[in-house]
**Student:** 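The structure under discussion is supplied below as structure tokens; questions concerning it will follow.
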Amino acid sequence: VCSSKYVLSALHPMWQGPLVAPGGNRQSPIDIQVRKTVFDPHFKPLSPEYDPRTCSQVWNNGYSFLVEYDDTTDKSTLKGGPLEDTFRLCQFHFHWGESNAWGSEHTVDRRLFPAELHLVHWNSDKYKLFEEAVMEENGLAVIGVFLKIGNRHEGLQKLVDVLPAVRHKDSVVEFTRFDPACLLPANIDDYWSYAGSLTTPPLSEAVTWIIMKQPIEVSHDQLAVFRSLLFTSAEEEVQKSMVNNFRVQQPLKGRTVRSSFT
Ligand SMILES: NS(=O)(=O)c1ccc(C(=O)O)c(S(=O)(=O)NCCc2ccccc2)c1
Ligand SMILES: [Zn+2]
């Protein structure tokens with residue numbers, strides 16, 4: 001399990017974090033200007049190998065909902081692509097808007113998507129724990145997948161069906177045997193990669209981002225269930241809809257975005 005309450009509970013009021021982390025020169029998210037990306041012929045095929053049995057729970061941390069995986073062994077890993085080491089899956093979550101017009105964190109030539117999926121992995125070759133890896137520049141690898149409105153996503157529906165059980169902040173529900181590979185697009189060979197950061201506090205500059213070119217399709221109704229979640233806990237008088245949980249875009253600061261395709 002890679003995210004702990006103490007960090008995240010302080011998350012909500014400042015979840016956008018400072019506009020630019022003090023001294024940050026590799027902050028995320030960014031706009032991917034396709035014509036400025038550089039093809040890297042050395043990228044290997046990306047090889048996600050996920051074991052659905054490592055899926056453990058869904059919790060609402062007051063910022064998004066996280067689907068958490070048991071990351072005490074190398075059962076669900078990501079290798080290849082731009083990565084030199086083996087990275088262990090610890091959680092996935094989403095960012096979305098109050099309307100279908102926006103919601104993603106990254107953009108492609110300024111194009112916004114209604115939502116974005118992040119699969120968070122940490123470098124288990126070099127570090128023993130997520131909390132260690134998150135402090136290191138090669139510590140994390142996050143796969144980003146854009147969501148667009150279209151056909152209902154059958155694989156996602158199992159997750160959508162349990163979301164009402166985690167409506168409030170700090171609620172948790174058991175969730176097992178979910179294969180996150182079903183949320184990847186058909187084509188995982190075409191992606192962009194750049195050196196960036198967490199988009200939530202502590203905004204650590206530890207992330208190798210791998211952004212898929214091909215979006216996945218989800219239905220309007222499925223995304224509407226995301227918006228039925230709440231930022232607030234059951235005790236709070238005023239309930240706030242969990243929407244627009246994305247960070248503002250950050251300056252590229254001279255970074256190169258590499259592509260796996262021409
Ligand atoms: N958009 S993102 O991929 O950058 C991201 C968003 C949310 C979280 C999270 O934990 O909620 C995470 S996390 O799982 O990496 N946790 C980061 C906060 C944290 C740091 C150190 C120890 C525990 C939690 C990442
Ligand atoms: Zn994220």
Side-chain angles (χ1 to χ4, degrees), residues 1-18 20-21 24 26-30 54-72 76 78 87-97 102-107 112-124 127-147 159 166 169-172 180 183 191 193-212 216 226 229 231 242-250:
V1 171
C2 60
S3 42
S4 35
K5 293 191 190 313
Y6 77 93
V7 175
L8 306 171
S9 58
L11 203 53
H12 174 59
M14 58 175 292
W15 65 264
Q16 276 202 357
V20 177
R26 54 173 280 189
Q27 288 291 292
S28 294
I30 61 168
T54 57
C55 188
S56 64
Q57 61 181 25
V58 183
W59 72 289
N60 176 334
N61 67 6
Y63 161 76
S64 181
F65 61 92
L66 309 187
V67 180
E68 299 202 301
Y69 284 74
D70 164 26
D71 59 356
T72 54
S76 290
L78 175 65
F87 287 71
R88 216 175 264 181
L89 175 68
C90 58
Q91 61 101 327
F92 71 79
H93 62 275
F94 299 81
H95 303 264
W96 61 91
W102 65 82
S104 62
E105 295 210 302
H106 292 87
T107 50
L112 285 154
F113 290 84
E116 186 172 333
L117 159 66
H118 289 158
L119 296 130
V120 181
H121 311 74
W122 55 275
N123 189 330
S124 56
Y127 311 108
K128 287 192 296 298
L129 290 171
F130 168 84
E131 279 74 8
E132 270 178 64
V134 78
M135 314 299 283
E136 307 294 335
E137 65 172 350
N138 59 356
L140 304 181
V142 182
I143 295 177
V145 182
F146 295 115
L147 275 62
L159 176 53
V166 290
K169 174 181 173 194
D170 294 335
S171 47
V172 185
L183 297 176
Y191 55 82
S193 181
Y194 77 97
S197 74
L198 294 178
T199 66
T200 63
L203 304 173
S204 315
E205 299 188 332
V207 183
T208 298
W209 281 95
I210 299 168
I211 308 289
M212 291 293 144
I216 60 171
F226 285 22
L229 296 176
F231 280 130
M242 184 179 275
V243 293
N244 301 328
N245 56 354
F246 51 82
R247 188 189 190 198
V248 295
Q249 300 204 324
Q250 302 297 310

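Values below: all heavy atoms of this structure, side chains included; hydrogens, waters and symmetry mates excluded. Atoms within each ligand, like the ligands themselves, are counted from 1 in listed order.
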**Student:** From the N, O or S atoms in His95, identify the one nearest to the Zn ion (ligand 2).
**Tutor:**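 Answer by atom name: NE2.
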**Student:** Which atoms of ligand 1 have any heavy atom of His118 under 4.0 Å away?
**Tutor:**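 Per the distance check, 1 (N), 3 (O).
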**Student:** Can you tell if the side chain of Phe231 reaches within under 4.5 Å of the side chain of Asn245, non-hydrogen atoms only?
**Tutor:**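 SC-SC contact between Phe231 and Asn245 confirmed.
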**Student:** Is His95 near ligand 1, meaning one of its heavy atoms is under 4.0 Å from it?
**Tutor:**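 The answer is yes: ligand 1 sits under 4.0 Å from a heavy atom of His95.
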**Student:** Which ligand 1 atoms, with their elements, are less than 4.0 angstrom from a heavy-atom of Leu198?
**Tutor:**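 Once the distances to Leu198 are compared, the set is 4 (O), 15 (O), 17 (C), 25 (C).
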**Student:** Run the numbers for me: atoms of ligand 1, each under 4.0 Å from some heavy atom of Asn61, listed by number.
**Tutor:**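 Answer for ligand 1: 11 (O).
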**Student:** Parallel, tilted or perpendicular: which describes the rings of Tyr63 and His93, with under 30° parallel and over 60° perpendicular?
**Tutor:**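 Geometry flag for His93 against Tyr63: tilted rings.
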**Student:** Which ligand 1 atoms, with their elements, are less than 4.0 angstrom from a heavy-atom of Gln91?
**Tutor:**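 Per the distance check, 8 (C), 9 (C), 10 (O), 12 (C), 13 (S), 14 (O).
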**Student:** How long is the straight-line distance from CG of Leu112 back to NE2 of His106, given to the nearest 0.5 Å?
**Tutor:**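 Taking NE2 in His106 and CG in Leu112, the distance rounds to 12.5 Å.
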**Student:** Between Leu66, Thr199, Leu119, Leu117, which one has a non-hydrogen atom sitting closest to atom 1 (N) of ligand 1?
**Tutor:**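 Heavy atom nearest to atom 1 (N) of ligand 1 belongs to Thr199.
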**Student:** Check each heavy atom of Val120 against ligand 1 and say whether those closer than 4.0 Å belong to the side chain, the backbone, both or neither.
**Tutor:**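 It is the side chain that gets close, since no backbone atom is under 4.0 Å.
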**Student:** Would you indicate whether the side-chain heavy atoms of Val67 and Pro180 approach each other to under 4.5 Å?
**Tutor:**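 SC-SC contact between Pro180 and Val67 ruled out.
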**Student:** For the pair Asn123 (side chain) and Asn138 (backbone), establish whether a donor and an acceptor sit closer than 3.5 Å, ignoring hydrogens and angles.
**Tutor:**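 Pair found, side chain donor or acceptor close to backbone of Asn138.
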**Student:** So, for Phe87 and Gly139, which heavy atoms are closest and what is the spacing to 0.1 Å?
**Tutor:**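 Nearest heavy atoms, Phe87 then Gly139: CE2-O, 3.7 Å.
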**Student:** Please could you name the atoms of ligand 1 that Thr200 approaches to less than 4.0 Å, counting only its heavy atoms?
**Tutor:**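 Listed by number with element, the hits are 5 (C), 6 (C), 7 (C), 8 (C).
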**Student:** What is the ring orientation for His118 with Trp209, classed by angle as parallel under 30°, tilted 30 to 60°, or perpendicular over 60°?
**Tutor:**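 The rings of His118 and Trp209 stand perpendicular, inter-plane angle above 60°.
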**Student:** Can you check the angle at the Zn ion (ligand 2) formed by NE2 of His93 and ND1 of His118? Round it to the nearest 10°.
**Tutor:**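 Seen from the Zn ion (ligand 2), NE2 and ND1 are separated by roughly 110°.
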**Student:** Under 4.0 Å from a heavy atom of Pro202: give me the atoms of ligand 1 that qualify, with their elements.
**Tutor:**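 Ligand 1 atoms under the 4.0 Å threshold to Pro202: 18 (C), 20 (C).
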**Student:** Does a sphere of radius 6.0 Å around CD in Glu132 hold more than 12 heavy atoms from other residues, nucleotides or ligands, not counting ones at 6.0 Å or beyond?
**Tutor:**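 Enclosed: over 12 neighbouring heavy atoms sit under 6.0 Å from CD of Glu132.
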**Student:** Indicate, as side chain, backbone, both or neither, the part of Pro201 found under 4.0 angstrom from ligand 1 when only non-hydrogen atoms are considered.
**Tutor:**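 The backbone, only.
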